[in-house]
Amino acid sequence: MLAVKYAERAGRRGEHFLGGDPHADSPMPMDYFVWVVTGGGRAWVVDTGFGPVDAERRGRVLLRSVGEALALVGVDAATVEDVILTHLHYDHAGGLEHFPGARFHVQDREVAYATGRHMTHRALGHAFTADHVAELVLAVHAGRVVFHDGDAELAPGLSLHHLGGHTDGQQVVRVSTREGWLVLASDATHYYENVEHGRPFPIVFDVGAVLDGYRRLRDLADRDDLIVPGHDPLVLERFPAVDDRLAGIAVRLA
Ligand SMILES: [Zn+2]
């Protein structure tokens, strides 16, 4: 399983913990990733990133498109058959067009959430880009969305688990590796510190579910260091680079 960085933003600690942080103004950058699970001659892509429109509108630094990021590790997005969407926030569901041949795996509750009454609240809706949600709805009607309700096994050693809280339908990806069960948490924990200290990230639908989710991450992973957060630059330090050329860009998680 690989993690490939496609974007970044400068950030401060105070932005990344509910209730703030004693060192609020200290730098705490954020990385943005797309992930790839390979096995049985297939590649499963997890999340689709965002493009230049969102980068400009939201002040993010787009380093490479998700298509380019995947090409760096030998994956042709145009031929990918299965894409898992951990949730529908702009930085995870903003690149469906890179995958013209793919089915999109998503939780029932995430689609209900992203198209329902809670989106009338700016505090909950701001991390969604309406055009991305509309694209997913078009994909539903084109027969290209696979809905899941809770846990689901996609292939031997590859499963999805609903851990709502960050969004109502957030899901995580569990992969069997030589080291044991690894859990790609995506935004069930943005940083290692969120899960390690039980301090939720402030973009949140249900704080209690986020905290229960931290416990669930520990139950699902065989070891705490096999929990992979969604946005932590430390992921690029704690796991080995795919090769020298991709140092600081792509790491092998398993
Ligand atoms: Zn995110």
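For reference, positions follow the sequence shown, starting with 1. Counting starts at 1 for both ligands and their atoms, in listed order.
Under the 4.0 Å criterion applied to side-chain N and carboxylate O atoms, Arg218 and Asp225 are not assigned as salt-bridge partners.
Around the CZ atom of Arg215, the shell of radius 6.0 Å holds no more than 12 heavy atoms that belong to other residues, nucleotides or ligands.
Among the atoms of His190, none of the N, O or S atoms falls under 2.8 Å from the Zn ion (ligand 1). Residue His89: no N/O/S atom is found under 2.8 Å from the Zn ion (ligand 1).
The residue from Asp91, Thr167, Val172 that alone fulfils the side-chain contact (heavy atoms from CB on, under 4.5 Å) condition with Asp187 is Asp91.
Nearest N/O/S atom of Asp91 with respect to the Zn ion (ligand 1) is recorded as OD2. Nearest to the Zn ion (ligand 1), among the N, O or S atoms that Asp187 has, is OD2.
Proximity of the aromatic rings of Tyr32 and Phe50 is defined here by a centroid distance below 6.0 angstrom, and this criterion is met.
Ring geometry for His89 against His87 counts as perpendicular: the plane angle is over 60°, on a 0 to 90° scale with 30° as the lower cut.
Draw a line from the Zn ion (ligand 1) to NE2 of His92 and another to NE2 of His231, and the angle between them is 110° (to 10°).
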